[in-house]
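Read through the structure below, which is laid out as structure tokens, and then see the notes.
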Amino acid sequence: MRKVAIMVAGALAAIANLVQPSFAGLLGMPMGLQSAIQHIKLETPTLPPLAYTQFCLRYHEECRSRPIFRGGPIQLTTERWADLKEVNQSVNTGIVPEPNELGLAAEQWLINPGRGDCNDYAVSKRHELLVRGWPARALLLSEVVASSGEHHLVLVVRTKGGDFVLDNLTPQIKPWSRAPYRWVRVQSPHEPRLWATVAARRV
């Protein structure tokens, strides 16, 4: 009986080792996130926001093309999930929210300012993850429209487990399909200076 139990335990361990790579991206994630695995479908190329072009003039290193040795979404390991939570929280609490009351003409995207709006939060999170060694192709700035009609910037992290949203309006990291927004355009994973429109979601 003891031999049978040992054999069963060994078989279960072997199965676990086989399936682990497929589900490694979901380890340590809340169950609610595990049920919504999908990616944003990019459509036609489009111009980036004007403020992003100005951002690239100020922060050239953030926008430079980087060699892609392995394309596509990345594996979301437990360590990377911890990275996302830490960066999301530290940036959300490190910048004092200050809306831009002067409109597009006065819009600036700044990395880690003392005070700022959604744009500053998004580019700061992308910067911090780049510093930690994340590939640029997985960190996509994204313009959305809230239910109020206000345009808003978030950071989308593209992983094999789906696309996840880092947002200054919530401490939670959500699948993109659960973010309450209309998606306008997203940074290209192949060339950070290019953007693309987003296909409409089908419910």
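From a predicted model like this one, the values you see are computed outputs, not experimental measurements.
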Kindly determine whether Lys125 and Glu128 satisfy salt bridge (charged side-chain N to carboxylate O under 4.0 Å, His left out), including the steps that lead there. CA-CA 5 Å; Lys125 291 173 186 179; Glu128 293 300 328; over 6 Å; no
Where do Tyr59 and Trp109 land on the ring pair (Phe, Tyr, Trp, His ring centres under 6.0 Å) test, with the steps shown first? CA-CA 10 Å; Tyr59 300 102; Trp109 296 10; over 10 Å; no
Begin from the C-alpha positions of Leu155 and Val165 and carry the test side-chain contact (heavy atoms from CB on, under 4.5 Å) through to its verdict. CA-CA 6 Å; Leu155 178 66; Val165 180; over 6 Å; no
Walk me through whether Asp167 and Asn88 qualify under side-chain contact (heavy atoms from CB on, under 4.5 Å). CA-CA 8 Å; Asp167 191 344; Asn88 195 52; 5.9 Å; no
Using the side-chain contact (heavy atoms from CB on, under 4.5 Å) rule, take Phe55 and Glu62 through it: C-alpha gap first, then chi angles, then the decisive distance, then the call. CA-CA 9 Å; Phe55 169 81; Glu62 297 289 314; 3.8 Å; yes
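For the pair Leu141 and Trp195, the minimum side-chain heavy-atom distance is below 4.5 Å. The closest side-chain heavy-atom distance from Arg64 to Arg193 is not below 4.5 Å. Between Val157 and Thr159 the shortest side-chain heavy-atom distance falls below 4.5 Å. When side chains are defined from C-beta on, Cys63 counts as touching Tyr52, because their heavy atoms get closer than 4.5 Å. Two residues are said to be in side-chain contact when any heavy atoms from C-beta on lie closer than 4.5 Å; Trp183 and Ser142 meet this criterion. At least one side-chain heavy atom of Pro113 sits less than 4.5 Å from a side-chain heavy atom of Ser124. Using a 4.5 Å cut-off on side-chain heavy atoms (C-beta onward), Val154 and Leu166 make no contact. Between Ile173 and Trp81 there is a side-chain heavy-atom pair separated by less than 4.5 Å.
Within the structure, every pair that satisfies the ring-ring contact (aromatic ring centres under 6.0 Å, His included) test and touches residues 133-156, not counting sequence neighbours, is listed here: His152-Tyr181.
In this structure, CD in Glu143 is found 12.0 Å from OG1 in Thr197, a value given to the nearest 0.5 Å. In this structure, CD in Glu61 is found 10.0 Å from CD1 in Ile111, a value given to the nearest 0.5 Å. For the atom pair CZ of Arg137 and CD of Glu191, the computed distance is 14.5 Å after rounding to the nearest 0.5 Å. Atom-to-atom distance recorded for Asp163:CG and Ile40:CD1 is 4.5 Å, nearest 0.5 angstrom. Tyr121 OH to Ile95 CD1: the interatomic distance, rounded to the nearest 0.5 Å, is 5.5 Å. Rounded to the nearest 0.5 Å, atoms CG (Asn112) and CG (Leu110) are 10.0 Å apart.
Nearest heavy atoms, Leu130 versus Pro135: CD2-C, 4.4 Å. Across every non-hydrogen atom of Arg126 and Ala136, the tightest pair is NH2-CB, 3.7 Å. The nearest pair of heavy atoms linking Trp176 to Gln38 is NE1-CG, 3.5 Å. Here the closest non-hydrogen pair linking Thr53 and Pro48 is OG1-CG, 3.9 Å. Minimum heavy-atom separation, Lys160 to His39: O-CE1, 4.0 Å. In terms of heavy atoms, Gln89 sits closest to Thr93 at O-OG1, 2.8 Å.
Scanning for side-chain contact (heavy atoms from CB on, under 4.5 Å) contacts around Asp117 gives Asn100, Asn119, Asp120, with sequence neighbours left out. Remark: Arg80 engages no residue in a salt bridge (charged side-chain N to carboxylate O under 4.0 Å, His left out) (not counting sequence neighbours). Applying the salt bridge (charged side-chain N to carboxylate O under 4.0 Å, His left out) rule to Arg132 yields the partners Asp83, Glu86; only residues at least two apart in sequence or on another chain are considered. Legend: residues meeting salt bridge (charged side-chain N to carboxylate O under 4.0 Å, His left out) with Glu150, ordered by chain and number and at least two apart, are absent. Qualifying ring pair (Phe, Tyr, Trp, His ring centres under 6.0 Å) partners for His127, counting only residues two or more places apart in sequence or in other chains: none.
Residue-environment remark: CD (Glu43) exceeds the threshold of 12 foreign heavy atoms within 6.0 Å.
The main-chain N or O of Leu47 is found under 3.5 Å from a side-chain atom of Arg185 such that the two form a donor-acceptor pair.
Linking Ile, Leu, Val, Met, Phe, Trp and Tyr residues whenever their side-chain heavy atoms come within less than 4.5 Å leaves Val198 and Val184 in two separate clusters.
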